[in-house]
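Below is one structure, written out as structure tokens; the observations come after it.
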Amino acid sequence: MPTSLTCPDCGTDYDAGPDEPWRCECGHALEFAESPHPKGNPLPISQLDTSNGLWTFFEFLPIERHVSLHEGFTPLVNAPEWGAQFKLEYVFPTGSFKDRGATTTLSRAVELGVEKVIEDSSGNAGASIATYAARAGLEADIYVPSTVKQSKLMAIQRAGARPVRVDGTREDVTMACISAVEAGEGWYASHAWNPAFYAGTMTFAFELAAQRGWTAPETLVLPIGHGTLFLGAYRGFSLLNRAGIVDGMPRLLGAQVAGYAPIVTALGGETVPGDGGDDPDIADGIQIAEPARGTQIVDALTETGGEVVALGSDPIESALDRLHRGGFYVEPTCAVAPAALRHFRESGVVDEDEDVVVPLTGSGLKTL
Ligand SMILES: [Zn+2]
């Protein structure tokens, strides 16, 4: 039986089904009413059968595996010139970490008997949902900004999904998509709103902990647009921590782009460089003015003693050059978190010898 939904804010419950609401009547994002909790001690990675990728951790997930492209267990590598470990989240079937959420979201769609999914995206999530919908044999409409990169548009079209181009801002794209969902055109496979997506991004934490002998790093530096990976990491480590599998939570540090930094505004964080007026269009993947779960992001940062910074285009481009020279062929949005790490080190937020992990979230091949 698919898990039912509940509103963590007002407590209203909703039955699971193809016509389930995409958010609560009160406007809050919905969550699963029940989620499994890991029990006992997990196996060391040398004894884990990881052939099912991130679905290795199926016992920790509230969704059954129906739609998979053998995603997950991305490499964790040492990057001594950055004083960190990088988790290579661009090593996924569609070239971004969004596949973590797409495999669980489309699996949920199949559990519910959905016939058509709808999503809005600036690129990576659209390509991912389109590809997993194709694997599931479901129709998909993907709402994209009319300025979307051609390579990302082609990824959506080649998967057999229908791109719907919308003029205007990123929020206009979301509004057009939500109108279609509310008109009953399909199930909202939203990476921002659908709890199934965050069930998938939790596996980032499970893999990372397993790869480190079931320990948490001292610090994680994560990009924040809607915060899908950020909240997935937080939820995953919270689950492991509550189960006593890891010994404490990592400190979560967030990275946003100048001009689209609502979490920085909420927490009084810095903008670097300090003029604040420099909207880095190169980092189009996280230009989100209103994250669907903004309060939870702020709470997670506060709870773990974290901080957040907004970056302008100069530090992002400089980090991107350094990454490419180091053999990390990533997209510009992906350079925001490494650029933030550099800032946090220079400003003393992160110590020289601190144990830090940074995900590299998207491939540079799609930005050609
Ligand atoms: Zn509610």
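Start at 1 and go down the list; that is how both ligands and their atoms are numbered.
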Response to the item:
Looking only at heavy atoms, the pair that brings Leu311 and Val336 closest together is CD1-O, 3.2 Å
Practice prompt. Of all the heavy-atom pairs spanning Glu354 and Arg251, show the shortest one and how long it is.
Written response: OE2-NH2, 2.8 Å
Worksheet item: How long is the gap from OG1 on Thr361 to CG on Leu222, to the nearest 0.5 Å?
Response: 9.5 Å
Discussion item. I'd like to verify the contacts: list protein N, O or S atoms under a distance of 2.8 Å from the Zn ion (ligand 1).
Written reply: Cys7 SG, Cys10 SG, Cys24 SG, Cys26 SG
Worksheet entry | Ring centroid separation Phe86 to Phe328 under 6.0 Å | yes
Worksheet item: By side-chain hydrogen bond (donor to acceptor under 3.5 Å, both in side chains), which residues pair with Asn41, not counting sequence neighbours?
Response: none
Discussion item. Does Arg322, at its CZ atom, have more than 12 non-hydrogen atoms belonging to other residues, nucleotides or ligands within less than 6.0 Å?
Written reply: yes
